[in-house]
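Only one structure is covered here, and it is reproduced in the block below.
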Amino acid sequence: MEIETPSDINANVESDSELSGVEQNRTEENGDLAESSISEARLNAKAQRRLRKNSSRDSGRGDSVGDNGDSTRAVLPTSPKSKLMDRKSRTGKGRGLPKKGGAGGKGVWGTPGQIYDEEIVDIKDPNYDDQDNCMYEKTVLPLDEKSFEKSVTPIVQEYFEHGDTNEVAEMLRDLNLGEMKCGLPVLAVSLALEGKASHREMTSKLLSHLCGTLLSTEDVERSFDKLLQELPELVLDTPQAPQLVGQFIARAVGDEILSSTYLEGYRGTVDCIHSRAALNRAALLLRITKGGRRRIDSVWGTGGGQQPVKKLVKEIDMLLKEYALSGDVVEAERCLQELEVPHFHHELVYEVIMMVLEATSNNTYTMMLRLLEALWKSGVITLDQMKRGYDRIYQEIPDINLDVPKAYSVLERFVEDCFKVGIISRQIRDLCPCRGRKRFVSEGDGGRLKRESY
């Protein structure tokens, strides 16, 4: 066994130290190389990311050419808000294009210009609703008794003003009358009983117009059955209700909206006094009509502004002739009011003055003056109608004087008497025309006027 000397030990230690120094230097060199390679890889990755980011931001925008002709790519400033609103991938992967080709994001329904195919509807789908074959209609609920009276009463009252049956029919079609159809004639007749004769005539025309379109003959028969049952209550407001309802029944039979056998069905089966009176009135009117002595159309008389002018003139002329024979001022006033033409009362004033001018006796003069005075004091003839009647006479007096030589003098005296009793105003009296010149008997009669009896 060899024994190492101290010199050998020192030599070995020195050689080991030299070897460890060389290995340490080699290790340091390898570490520096690794660190440099990692830093270079980081720099390269960072440069590639920056390049991809700039290329995706400038995609589709093209390159810009600078002033010196060099092609430069415009770089927009970035902000946190733009990054939040950006729809591009933030993972660092891909080509930098928008996600889903620009079709992604909130509120986006696909790419611009995309055309969707027609969706096939599954009929077996529980949520399927065939809207193409659906029919939508406006539904109006049927009227009850309270709403019926509230809705129909204004329509009938307006009809009494305008008299247009077609308009009433259109308004009633918009209402769902339902089972209340038979109540329409009852309501119309009840309102007409409280009105004038012209309103009853208009009601008869309305029922005749609605029958066949909105009402049936069965509805009309049930309506008159109900009217006969309600007569005891109607008499409390209208004492002549039985006679008026009987005239309505006769007019309905004449207009053929009630059967001719309607009255025969009640024969011997009526216990109510008022209903029996109404049926007897209707039967009497129908018998008179069959005899040819009277037309059922004139059952309500003649009156109202819808009558022809010639017919109204004829009625006023007959009124004055009957007054000249009877002298009954009250009856003449009643007949004038029944005509229901207050806008045509100037015709009566004109006819009265004409009868005075053409009269041959003083009795007619006095009676006509008394008639005008009574009509004026009762308010039947207004000042406007009185003035229009006198103005018509004043304009036509030259032609009247050709047929009635004493027209000027009689007119002056009548106008003066009317002014004294307060029928006309001073203005109307002053407008009265007078004769153009006075005629003398001869040149040497001393100024004596010729007598008025020539």
Less than 4.5 Å apart, any side-chain heavy atom of Glu218 and any of Val220?
-> no
In terms of heavy-atom contacts, Met368 and Val356 come closest through CB-CG2, 3.6 Å
Distance col, row Phe344:CZ vs Leu339:CG, nearest 0.5 angstrom, shows 10.0 Å
Would you say that Ile428 contacts Tyr394 through its side chain, given a criterion of any heavy-atom pair below 4.5 Å between the two side chains?
yes
Closest non-hydrogen contact found for Tyr159 with Lys205 is OH-CB, 4.2 Å
NZ/NE/NH1/NH2 to OD/OE distance under 4.0 Å, Arg251 and Asp255: yes
task = Could you check Leu177 against Leu214 for side-chain contact (heavy atoms from CB on, under 4.5 Å), going step by step and ending with a plain yes or no?
result = CA-CA 10 Å; Leu177 299 180; Leu214 191 65; 4.2 Å; yes
Across all chains, not counting sequence neighbours, the salt bridge (charged side-chain N to carboxylate O under 4.0 Å, His left out) partners of Lys321 are Asp317
Open item on the list: Tell me whether Thr366 contacts the main-chain N or O of Asn362 through its side chain, where contact means a donor paired with an acceptor under 3.5 Å.
Closed with: yes
- Task: With the side chain counted from C-beta on, respond yes when Pro433 and Tyr408 share a heavy-atom pair under 4.5 Å apart, and no when they do not.
- Result: yes
Salt bridge (charged side-chain N to carboxylate O under 4.0 Å, His left out) filter on Asp328, not counting sequence neighbours, yields none
What class does the angle between the rings of Tyr390 and Phe414 fall in, given that below 30° is parallel, 30 to 60° is tilted and above 60° is perpendicular? parallel
What one should report as the nearest heavy-atom pair of Gly183 and Phe148 is C-CZ, 3.6 Å
Residue pairs meeting salt bridge (charged side-chain N to carboxylate O under 4.0 Å, His left out), one or both in residues 166-188, sequence neighbours left out, come to none
For the pair Ser208 (side chain) and Ser204 (backbone), establish whether a donor and an acceptor sit closer than 3.5 Å, ignoring hydrogens and angles. no
Nearest heavy-atom approach of Phe160 to His199 is CE2-O, 3.7 Å
Practice item. Measure the shortest side-chain to side-chain distance between Ser190 and Leu234 over non-hydrogen atoms and say whether it is less than 4.5 angstrom. Key: yes
For the residue pair Leu231 and Leu227, establish whether any side-chain heavy-atom pair is separated by less than 4.5 Å. no
Do Gln157 and Thr153 have side-chain heavy atoms sitting under 4.5 Å apart?
yes
Surrounding CD of Glu358 (heavy atoms of other residues, nucleotides or ligands, distance under 6.0 Å), is the total greater than 12? yes
Rounded to the nearest 0.5 angstrom, the NE2-CG distance for His209 and Leu215 is 10.5 Å
Heavy atoms of Leu193 and Arg200 approach each other most closely as O-NH2, 3.6 Å
Contacts satisfying salt bridge (charged side-chain N to carboxylate O under 4.0 Å, His left out) that involve residues 371-384 (not counting sequence neighbours) are Glu373-Lys377
Residues pairing under salt bridge (charged side-chain N to carboxylate O under 4.0 Å, His left out) where one sits in residues 387-396, two or more places apart or in two chains, turn out to be Glu347-Arg392, Lys387-Asp391
> For Glu315 and Lys311, what are the C-alpha separation, side-chain angles and deciding distance, and is it a salt bridge (Lys or Arg N to Asp or Glu O under 4.0 Å)?
Replying inline: CA-CA 6 Å; Glu315 291 292 331; Lys311 192 172 184 179; over 6 Å; no
* Does any non-hydrogen side-chain atom of Pro242 lie less than 4.5 Å from one of Val235? -> yes
Residues passing the side-chain hydrogen bond (donor to acceptor under 3.5 Å, both in side chains) test with Tyr365, sequence neighbours excluded, are Asp417
Near Leu431 CG, under 6.0 Å, is it more than 12 heavy atoms from other residues, nucleotides or ligands? yes
By side-chain hydrogen bond (donor to acceptor under 3.5 Å, both in side chains), Ser378 pairs with (sequence neighbours left out) Glu333
By side chain to side chain contact (heavy atoms under 4.5 Å, CB included), Thr360 pairs with (sequence neighbours left out) none
Rounding to 0.5 Å, atoms NZ (Lys406) and CG (Leu357) come to a distance of 10.5 Å
When rounded to the nearest 0.5 Å, the distance separating OG of Ser223 from CG of Leu228 is 11.0 Å
Short question: side chain of His345, backbone of Met386 - any donor-acceptor pair under 3.5 Å? no
For Asp164, the side-chain hydrogen bond (donor to acceptor under 3.5 Å, both in side chains) test, sequence neighbours excluded, returns none
message: Applying side-chain contact (heavy atoms from CB on, under 4.5 Å) to Leu320 and Met355, what does each step give before you reach the verdict?
response: CA-CA 9 Å; Leu320 293 176; Met355 292 183 69; 3.7 Å; yes
Nearest heavy-atom contact between Val270 and Ser275 is CG1-CB, 3.6 Å
CD1 (Ile423) and CD1 (Ile381) are apart, to the nearest 0.5 Å, by 9.0 Å
Distance col, row Leu285:CG vs Phe248:CZ, nearest 0.5 angstrom, shows 12.5 Å
- Hey, does Trp376 have a side-chain heavy atom less than 4.5 Å from the side chain of Ile424? no
Here the ring pair (Phe, Tyr, Trp, His ring centres under 6.0 Å) pairs for residues 269-289, sequence neighbours left out, are none
Requested in this report: Show the numbers, then the answer: is there a side-chain contact (heavy atoms from CB on, under 4.5 Å) between Val313 and Lys310?
Outcome: CA-CA 5 Å; Val313 171; Lys310 292 183 179 180; 5.7 Å; no
Heavy-atom neighbours of Glu331 CD exceed 12 at 6.0 Å
yes
Sorted by chain and number, sequence neighbours left out, salt bridge (charged side-chain N to carboxylate O under 4.0 Å, His left out) with Arg413 holds for none
- Report the C-alpha separation of Leu369 and Cys418 in whole Å, then their side-chain angles, then the decisive distance to 0.1 Å, and conclude whether the side-chain contact (heavy atoms from CB on, under 4.5 Å) test is met. CA-CA 7 Å; Leu369 181 62; Cys418 290; 3.6 Å; yes
Residues 221-250 vs salt bridge (charged side-chain N to carboxylate O under 4.0 Å, His left out), sequence neighbours excluded, gives Asp219-Arg222
